[in-house]
Amino acid sequence: MPELPEVETVSKDLSEHLIGETISDIGIIDARNLRGISPANFVQQIRGTKISNIYRKGKTIIWNLTNNLSIIIHLRMTGKFILTNNNAELTKHDMIVFKTKKWDITFNDVRKFATINLTSTNAIEDLNYFKNIGIDPTKSEFTFDNFKYMLKKGAKKSLKAFLLEQDKIVGIGNIYASEILFDSKINPERLGYSLSKNEEIELFSSIKKIILQAIMMRGTTFSDYRDGFNKKGEFQNQLKVYNKLNENCIICKDTINKIKQNGRSTYYCQTCQK
DNA sequence: ACAATATCCTGCGAGC
DNA sequence: TGCTCGCAGGATATTG
């Protein structure tokens, strides 16, 4: 579910309240999110340590701990962190509860695709997900030259597929890919090498614009996504094509199309997007 | 080497 | 009402 803006929102909610907190206990209800570590070992290594930093890297959330270990969480489709005051009541699909003096931090995951790794802080870059991580559209590394370099690497693919590739540009998922292509007026089936100079500039600008707008609106709640306090985002009210099959394009009033690309839905306006 | 497909899991809405 | 089917925002392993 969550793409860059949603992960950024959750990560900020957590960092605002949890940095400096000591993890006094961990309750594991269901261990299926844990990767490469037993539940007992996970609990033993974390209990009693302090959270020194929390930040986003790509679509993951990283908790640095004071014992030189870090927890790396990828929410995938339905992972959620919910902060509550102590003694949160357990609900369906709660997987892990981290406890501090002030907070219960409940990790809930309906579909159980989320991943949680524990690794040495100085070995974070070695995790597979980070080895070939692409450029981040919210950071200074997202320059037009770097964008063009990545576009060249994905030149033979449809632009929709290109936008989803985390080793090129990190953070875009299925919702924002459709919205970005609509904003840049480019047909999702066009191939990377087919863009004119102006279209390259349009696409580059739209990526930045849509992602930053969505962060400002605290993400998109299509169904499951919630921020760190179980509240919905606001960007779903700004969506122009995603999940709007047969509705009218806000620009030209033609009906919105839906197609399948690499097994995933793409929404677009065939009149506006050439 | 590359690109398309299957897969993990649960819930929901559509259609019968 | 209740069943089955298809679909869902992600990434990776497997297949071709």
Side-chain angles (χ1 to χ4, degrees), chain A residues 1-11 29-36 56-61 72-81 91-96 107-117 126-134 150 152-182 188-189 191-193 210-211 213-215 217-227 232-246 258-268:
Chain A
M1 66 188 273
E3 309 180 33
L4 188 156
E6 291 75 32
V7 180
E8 176 83 9
T9 302
V10 173
S11 179
I29 301 112
D30 186 325
R32 276 181 281 178
N33 300 116
L34 295 180
R35 290 292 178 278
R56 176 187 66 79
K57 183 175 174 68
K59 287 184 195 167
T60 72
I61 299 167
I72 291 101
I73 305 105
H74 195 307
L75 303 175
R76 296 284 186 104
M77 302 284 243
T78 52
K80 278 188 276 192
F81 275 112
T91 58
K92 207 171 180 185
H93 309 303
D94 283 350
M95 310 296 280
I96 299 179
F107 185 71
N108 179 289
D109 186 15
V110 172
R111 288 171 73 179
K112 295 153 186 56
F113 294 167
T115 61
I116 299 179
N117 285 270
D126 296 336
L127 286 179
N128 276 340
Y129 182 79
F130 296 134
K131 274 192 181 151
N132 298 306
I133 195 168
M150 291 303 182
K152 205 169 180 181
K153 291 215 286 183
K156 283 192 270 186
K157 301 183 182 206
S158 72
L159 286 163
K160 166 67 185 320
F162 165 72
L163 288 177
L164 293 181
E165 295 198 333
Q166 304 300 303
D167 61 341
K168 310 292 190 312
I169 298 164
V170 73
I172 300 169
N174 212 37
I175 293 178
Y176 296 115
S178 282
E179 294 296 318
I180 286 165
L181 287 164
F182 177 78
E189 296 190 286
L191 303 184
Y193 63 71
I210 297 291
I211 294 295
Q213 277 180 359
I215 291 172
M217 318 244 355
R218 299 181 59 79
T220 299
T221 298
F222 179 59
S223 58
D224 294 278
Y225 166 72
R226 298 293 186 278
D227 69 13
K232 296 181 178 188
E234 297 293 334
F235 196 78
Q236 63 276 11
N237 305 317
Q238 308 294 318
L239 296 177
K240 301 197 168 69
V241 288
Y242 184 82
N243 203 36
K244 296 191 181 293
L245 176 64
N246 293 332
K258 177 185 180 180
I259 55 172
K260 280 263 174 197
Q261 292 180 281
N262 298 21
R264 321 202 72 113
S265 299
T266 305
Y267 297 85
Y268 72 107

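What's counted below: heavy atoms across the whole structure, side chains too, no hydrogens, waters or symmetry copies. Order of the sequence lines fixes the chain letters, A, B, ..., with proteins taken first and strands second; residue numbering starts at 1 for each chain.
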_With rounding to the closest Å, how many angstrom separate the P atoms on dA13(C) and dC9(B)?_
16 Å
Expressed as a whole number of Å, how far does the P atom of dA1(B) sit from that of dA11(C)? 24 Å
In whole Å, what is the span from the [atom1] atom of [X] to the [atom2] atom of [N]?
X	N	atom1	atom2	result
Q236(A)	dA8(C)	CD	C1'	16 Å
I175(A)	dC7(C)	CD1	P	17 Å
M77(A)	dC9(B)	CE	P	14 Å
R111(A)	dC9(B)	CZ	C1'	7 Å
F222(A)	dG13(B)	CZ	C1'	11 Å
L191(A)	dA3(B)	CG	P	11 Å
N108(A)	dT10(B)	CG	P	13 Å
Y225(A)	dG10(C)	OH	P	14 Å

By nearest-nucleotide position on DNA chain B, the 5'-leaning member of K112(A) and K153(A) is K153(A)
Parallel, tilted or perpendicular, as decided by the 30° and 60° cut-offs, for the rings of H74(A) and Y129(A):
perpendicular
For the side chain of [X], counting heavy atoms from C-beta on, which of [options] is nearest?
X	options	value
H93(A)	dA3(B), dG10(C), dG11(B)	dG11(B)
N262(A)	dC9(B), dG10(C), dA4(B)	dA4(B)
K157(A)	dG10(C), dC9(B), dA3(B)	dA3(B)
V110(A)	dA4(B), dC7(C), dG11(B)	dG11(B)

| CA sep, side-chain torsions, deciding dist, call: F182(A), Y242(A), ring-ring contact (aromatic ring centres under 6.0 Å, His included) | CA-CA 10 Å; F182(A) 177 78; Y242(A) 184 82; over 10 Å; no
Just checking, is any N or O donor in the side chain of [X] or [Y] under 3.5 Å from an acceptor N or O on the other one?
X	Y	value
K92(A)	N108(A)	no
K80(A)	H93(A)	no
T220(A)	Q236(A)	no

Taking any heavy-atom pair under 4.0 Å as a contact, classify Y176(A): base, sugar-phosphate, or nothing.
nothing
> Which part of the nucleic acid, if any, lies within reach of T220(A) when heavy atoms closer than 4.0 Å are counted: base, sugar-phosphate only, or nothing?
Replying inline: base
Checking N1-N3 plus N6-O4 or O6-N4 for Watson-Crick, or N1-O2 and O6-N3 for wobble, each under 3.5 Å, the partner of dA6(B) is dT12(C)
Checking the side chain of D227(A) only, and the main-chain atoms of T9(A) only, is there a donor and an acceptor separated by less than 3.5 Å?
no
Donor-acceptor pair, distance only, cut-off 3.5 Å: does the side chain of D30(A) make one with the backbone of I96(A)? no
Letter by letter from the 5' end, nucleotides 11-16 of chain C scores (B base, S sugar-phosphate only, - none; protein heavy atoms under 4.0 Å) SS----
Does F130(A) have K57(A) sitting over its ring (NZ/CZ under 6.0 Å from centre, angle to axis within 45°)? yes
dC7(C) OP1/OP2 closer than 4.0 Å to side-chain N/O of K260(A)
no
- Message: Centroid distance below 5.5 Å plus an interplanar angle below 30 degrees: do F113(A) and dC8(B) meet both conditions?
- Response: yes
